[in-house]
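Just so it is clear, the structure is predicted and the values come from calculations on it, not from any experiment.
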Amino acid sequence: MQSTFVLVHSPSVGPSTWRPVAECLTATGYRVRLPSLLDIGAGAPPFWPRIVSAVHDDLRQVPADSPLVLVAHSNAGLFLPLIRSSLDRPVVGSVFVDAALPARSGPTPVAPPRLLEFLRPMVVNGRLPRWTDWWDEAEVASLFPNPKVRRTVVEEQPTLPLSYYEQHIPVPEGWDDHPCSYLLFSPPYDGLAAEARERGWRSAHLPGTHLHQISDPVGTARHLVELAATA
């Protein structure tokens with residue numbers, strides 16, 4: 001049976017960052033799921049159980065014998081071990097796309113100390129501005145292929161509590177008992193891509209910005225298929 005691609009967006013943004021890729025994969029005959037994590041910031045921490053539940057619940061619509069390819073962008077990569085361990089169905093590959101990597105062992109912080117120092121002055125009533133409001137206009141504008149796409153992504157974003165970035169994510173033993181791979185877009189993730197190669201993972205490079213999947217969905221979809229087939 002053909003694989004189902006599960007496209008997990010960063011909780012800092014929304015599912016529209018994966019929608020163009022989902023449409024490309026669907027057009028070429030793949031089954032695709034695009035779970036929404038937009039509501040995971042509601043309520044008190046920990047937040048990671050709500051992420052796992054959101055993906056798990058979304059996959060109820062997929063036949064139990066359909067093999068899955070888990071794909072995570074940005075800090076969604078930290079949750080793939082928990083998502084993988086929660087599933088009682090075959091996972092044939094996990095692809096990290098310009099993504100944070102789980103620690104080899106022990107809990108993984110969502111944000112390093114320097115990022116938390118950067119974020120804390122922005123907090124109002126416990127919550128941060130939308131992710132695109134953190135950065136300079138020129139930097140944000142470079143992420144989007146046109147104003148319409150930018151408007152869709154920006155308006156969809158949640159305002160997450162600072163406590164989301166202060167959490168530590170458990171890493172279950174043996175979660176990487178299946179092929180894993182890394183797709184690099186942007187220079188800030190060069191080191192993580194190198195670490196993925198050190199772990200023995202297959203890797204590929206599609207140069208672009210951190211949200212390159214919305215600018216080049218065809219190229220991104222092609223790389224995901226190739227990495228899923230050869231990981």
Side-chain angles (χ1 to χ4, degrees), residues 6-19 33-59 70-87 94 96-103 106-137 139-141 143-144 149-172 175 185-186 188-189 192 209-211 213-214:
V6 184
L7 306 180
V8 186
H9 67 85
S10 165
S12 303
V13 286
S16 65
T17 54
W18 271 129
R19 193 158 288 119
R33 296 304 305 171
L34 185 53
S36 174
L37 308 180
L38 289 174
D39 296 328
I40 63 94
F47 301 97
W48 61 262
R50 294 198 279 276
I51 293 174
V52 173
S53 293
V55 177
H56 193 275
D57 291 349
D58 185 85
L59 293 179
L70 304 178
V71 182
H73 176 244
S74 195
N75 70 73
L78 301 177
F79 305 98
L80 273 199
L82 289 165
I83 292 170
R84 165 71 183 89
S85 298
S86 75
L87 298 174
S94 289
F96 291 73
V97 180
D98 232 36
L101 291 180
T108 307
V110 171
R114 285 186 63 183
L115 178 57
L116 291 175
E117 290 176 12
F118 170 71
L119 294 177
R120 286 191 175 105
M122 303 183 194
V123 176
V124 177
N125 296 324
R127 291 195 169 261
L128 289 159
R130 300 173 302 185
W131 178 74
T132 50
D133 295 332
W134 300 358
W135 318 109
D136 294 338
E137 166 59 24
E139 189 172 356
V140 173
L143 297 172
F144 301 102
V149 171
R150 176 176 178 172
R151 185 166 54 252
T152 298
V153 172
V154 168
E155 291 179 353
E156 180 186 53
Q157 293 172 107
T159 56
L160 291 172
L162 177 66
S163 51
Y164 167 81
Y165 296 95
E166 293 175 326
Q167 68 181 324
H168 285 64
I169 312 304
V171 180
W175 75 269
F185 289 154
S186 60
Y189 288 79
L192 291 165
T209 68
H210 187 49
L211 296 180
Q213 72 269 36
I214 60 176

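For the pair Leu160/Ile40, a side-chain contact is recorded, criterion being any heavy-atom separation below 4.5 Å from C-beta on. By the 4.5 Å heavy-atom criterion applied to side chains, Ser16 and Glu156 are counted as neighbours. Contact annotation: the side chain of Leu82 approaches that of Pro172 to within less than 4.5 Å [non-hydrogen atoms, C-beta and beyond]. Side-chain contact between Pro11 and Phe47 is absent, with no heavy atoms from C-beta onward closer than 4.5 Å. Side-chain contact between Arg150 and Val140 is present, with at least one heavy-atom pair separated by less than 4.5 Å. At a threshold of 4.5 Å between non-hydrogen side-chain atoms, the residues Trp18 and Val97 count as touching.
Atom CG of Asp133 has more than 12 neighbouring heavy atoms from other residues, nucleotides or ligands inside a 6.0 Å radius.
Between the side chains of Tyr165 and Ser12, a donor-acceptor pair is found at a separation under 3.5 Å.
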Margin query: What verdict does the side chain to side chain contact (heavy atoms under 4.5 Å, CB included) test give for Glu166 and Arg120, after you've listed the backbone C-alpha separation in whole Å, the side-chain angles of each residue and the deciding distance to 0.1 Å?
Written below: CA-CA 10 Å; Glu166 293 175 326; Arg120 286 191 175 105; 3.4 Å; yes

Note to self: As a quick check of understanding, evaluate side chain to side chain contact (heavy atoms under 4.5 Å, CB included) for Leu143 and Val153, giving each step before the final call.
What the structure shows: CA-CA 10 Å; Leu143 297 172; Val153 172; over 6 Å; no

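Note: Phe79 and Trp175 fail the aromatic proximity criterion, with ring centroids not under 6.0 Å apart.
Heavy-atom minimum distance, Pro102 versus Leu78: N-CD2, 4.1 Å.
Relative ring orientation between His73 and Phe185 is described as tilted, the plane-to-plane angle lying within the 30° to 60° band.
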